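Heads up: the structure comes next, in structure tokens.
Here the structure is a predicted model, which is why all the values come from computation and not from measurement. Below, read A as the first sequence line, B as the second, and so on, with proteins coming before strands; counting in each chain starts at 1.
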Protein chains: 2
Amino acid sequence: MSHRVTMRDVARAVGVSPMTVSRALRDDETVNAKTRHKIRQVANDLGYVYDTTAQAFRTQKSGFVAVTLPSINNANFAETFRGLSEGLGQSGMQLLLGSTNYQVDKEEELVRQLLTRNPEAIVLTGGHHTDETRALLSARNLPVIEIWDLPAAPLGHVVGFSNASAMAKVVTHLAEKGRYRLGFVGASENTDLRGASRRAGVIAAAAELGLPDVTIIDAGSAPVSMRHGAQAVSDLGDAVSELDALVCVSDPVAFGALSECRRRGLKVPSDIAVTGFGNFEVASVSDPRITTVGVTAREIGMQVAALLDDLFAGEAGDLPRIVDVGSRLVPGETS
Amino acid sequence: MSHRVTMRDVARAVGVSPMTVSRALRDDETVNAKTRHKIRQVANDLGYVYDTTAQAFRTQKSGFVAVTLPSINNANFAETFRGLSEGLGQSGMQLLLGSTNYQVDKEEELVRQLLTRNPEAIVLTGGHHTDETRALLSARNLPVIEIWDLPAAPLGHVVGFSNASAMAKVVTHLAEKGRYRLGFVGASENTDLRGASRRAGVIAAAAELGLPDVTIIDAGSAPVSMRHGAQAVSDLGDAVSELDALVCVSDPVAFGALSECRRRGLKVPSDIAVTGFGNFEVASVSDPRITTVGVTAREIGMQVAALLDDLFAGEAGDLPRIVDVGSRLVPGETS
DNA sequence: ACAAGTTTTGTTATCGGTAACATGTTATCG
DNA sequence: CGATAACATGTTACCGATAACAAAACTTGT
């Protein structure tokens, strides 16, 4: 009880050197099979627990991959995290998670904190960062992977998709259905930068197609969710009848908007169309099903895991890898 | 580039000993204010980054709190994690997260892995664990906190609520409304143990009130979500008309069931009532709003953070703390 | 039986901080 | 001015594993 069991203790008990124990526990083939067995046996009996901290210190490899997410409470980001987590299972890396609450300065602080743990790679959601964050990262020789975006000036590798062109698909789809007067429902501020990209994408696509100006409908500050979508429609009141479609920044927002429309007796899609983003479960289960954009959240995570595997195996080549996982329109019953 | 900047380098540049640098960077009052300033300045200029790994190794304090969740992709668990994360911000602890996929043997493996990082406390979701997990934890002198449950034989501290008595509230509420023939919609297997507790709670409460036997409706294997709820109702077919109410294991399941009922032309609540669990956002935004049970997911996290603060400050006393955060019925429009 | 090769094990130094203790340096006061 | 206290800094050893190198033990062929 007084003193934790170390390799030294195991070594003494077996009658070998600590080095042999170290090798045996890491399944080093050069250790005699019988010795290896005995060592594992004794280690177990003594209640030995491997000390990854010491290993990380000595080898200068933490075994950590740092990940920043805007929010953990978001099905899509959670799926990405899960894909990453499962995909990385093989390589023995552990994920060190932090959430930024959609704020770049929070991200900076988080990155600073995460870096003190010597991660072997860092995965950042989004392509917008403070200068200080960029400086911190480039000062280290650390693989950086940006996800959920296709930044113009990437820090390193990228696994993402274009939010703007995803929204263009939605706008085109609506225009084909004769929906010209669009309202965009999303966060007001620019803190949610993916949201801002989507808004910009809608505006650009509408202009491109010669549609009237997009009405921007403020749903509050990020993160916006179901209740914000409902509230936005509620705030809009009768002005909603001026619109052909509500283009929402995400499926939860769309679901909130849809529910509120129904509460107000508006028929969807005959009176107004509603679209979402992200292909969340709620989009396909809701009645009517919500037209949305499918983004392969889980696949982003898995692609990142694959990329990291290559990086750690030294098989990734020198060039930063840019993976566009794309997006696809998922037509539902609300448009 | 060749060699990372250490305290030694900073010390040399300033002309003091590494120890002084160490103290200065940790804001030790005994270091002269001017020296402290200079050291911080130089550390910054040299691009020094504190090495938490080395600190963790030397002090034998990792600064980690390990957390296991059944799933990260679950709004309630995510909220708990967030509450914990935010509440723990002060104490400088970092969370080390792992998810068990609702499997106790996965939990065991995870605990084993997490322990190698020398966490200073461990937070486990649920009160059911393998014997080996229990052994691993009790062999260490490590604070253990079980959450989201009130286990009969806790490993240490507890911050949770009774799943069974929460369901009893739902059953009582339904009985008062004249709903006697209940169907419980949840995961089939017993891997999701909180789900199993809820099922048991429903059965016990129905028996207590003298209601007819509860019909168990299999929604597939854990984690069950919206689509499972919809599928379960779909599978049920006409048999659904034999029931007065669908008692669902969670709000997402309830929402799926509700949507499917509507697709099939069933009126909720006049034809059948639907209830959920967890007071997820979808319950309050959905039209009609879903009757559910509010569990203070975020508060669980914050309570755990508060408890950990006390523990680390040595102010927690000797006895394990058992916190029942309770639960409350949130009547909606589906019952 | 011995050299040369192969397999297995051991020795030493070290990663970057910091606890505990020792020492130096500057105020304070009779 | 010298003694004592208060403050500021330095020294030494060490946390537990492991890379790099060294050496021992065992095979094998002649």
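Considering only side-chain N and O atoms, A/Thr20 lies nowhere under 4.0 angstrom from the phosphate OP1 or OP2 of C/dT9. Under 4.0 angstrom from either OP1 or OP2 of D/dT18 there lies no side-chain N or O belonging to A/Gln60. The phosphate of D/dA17 (OP1 or OP2) has no side-chain N or O of A/Ser22 nearer than 4.0 angstrom. In terms of phosphate contacts, A/Tyr48 brings no side-chain nitrogen or oxygen within less than 4.0 Å of OP1 or OP2 of D/dG16. Between A/Gln55 and D/dG16 there is no side-chain polar atom (N or O) within less than 4.0 angstrom of OP1 or OP2.
Nucleic acid contact for A/Val21: none, since no nucleic acid atom lies under 4.0 Å from a heavy atom of the residue. Backbone-only engagement by A/Arg26 is indicated by non-hydrogen atom pairs under 4.0 Å involving sugar-phosphate atoms exclusively. Looking at heavy-atom distances under 4.0 Å, B/Thr35 makes contact with sugar-phosphate atoms alone, never a base. Heavy atoms of B/Met7 sit under 4.0 angstrom from primed sugar atoms or phosphate atoms, though from no base atom. Using a 4.0 Å heavy-atom distance criterion, B/Thr30 is classed as a base contact.
Pairing of C/dA20, defined by two Watson-Crick or G-U wobble distances under 3.5 Å, is identified with D/dT11. With a 3.5 Å ceiling on both atom-pair distances, the Watson-Crick or G-U wobble partner of C/dC15 is D/dG16.
Nearest nucleotide to the side chain of A/Arg58, out of D/dG16, C/dT18, C/dT11: D/dG16. Side-chain atoms of A/Asn32 lie closest to C/dT9 of the nucleotides C/dT9, D/dA17, C/dT18. Of all nucleotides listed (C/dT9, C/dG16, D/dT11), D/dT11 comes nearest to the side chain of B/Met19.
In this structure, A/Asp51 places its CG atom 12 Å from P of D/dC15, rounding to the nearest Å. Computed from coordinates, the B/Asp9 CG to C/dG17 C1' distance equals 13 Å when rounded to whole Å. Spacing between atom CG of A/Asp27 and atom P of D/dT18 amounts to 13 Å, rounded to whole angstrom units. Between the P atom of D/dA8 and the CD1 atom of B/Ile39 lies a distance of 13 Å, rounded to the nearest Å. When the C1' atom of D/dA20 is taken as reference, atom CG of A/Asp28 falls 14 Å away, rounded to whole Å. The interatomic distance linking B/Arg117 (CZ) with D/dG16 (P) rounds to 17 Å, in whole Å. For the pair A/Leu46 CG and D/dG16 P, the interatomic distance rounds to 15 Å; values are reported in whole Å. For the pair A/Lys34 NZ and D/dA25 P, the computed distance is 17 Å after rounding to whole Å.
Of the N and O atoms on the side chains of A/Gln60 and A/Asn118, not one donor lies less than 3.5 Å from an acceptor on the other residue. When only modelled atom types and interatomic distance are considered, A/Asp28 and A/Thr30 share a side-chain donor-acceptor pair under 3.5 Å. For the residue pair B/Arg26 / B/Ser22, a side-chain donor-acceptor distance below 3.5 Å is found, with atom types taken as modelled.
The two residues B/Pro154 and B/Val158 come nearest to each other via the heavy atoms CB-CG2, 3.6 Å.
Under 3.5 Å, the side chain of B/Arg23 and the base of C/dG17 form no donor-acceptor pair of N or O atoms.
Taking the centre of each ring, B/Phe81 and A/Phe81 stay at or above the 6.0 Å mark.
Residue-to-nucleotide proximity on DNA chain D shows that, of B/Ala33 and B/Phe57, the 5′-proximal contact is made by B/Ala33.
Relative ring orientation between A/Phe161 and A/Trp148 is described as perpendicular, the plane-to-plane angle rising above 60° on a 0-90° scale split at 30° and 60°.
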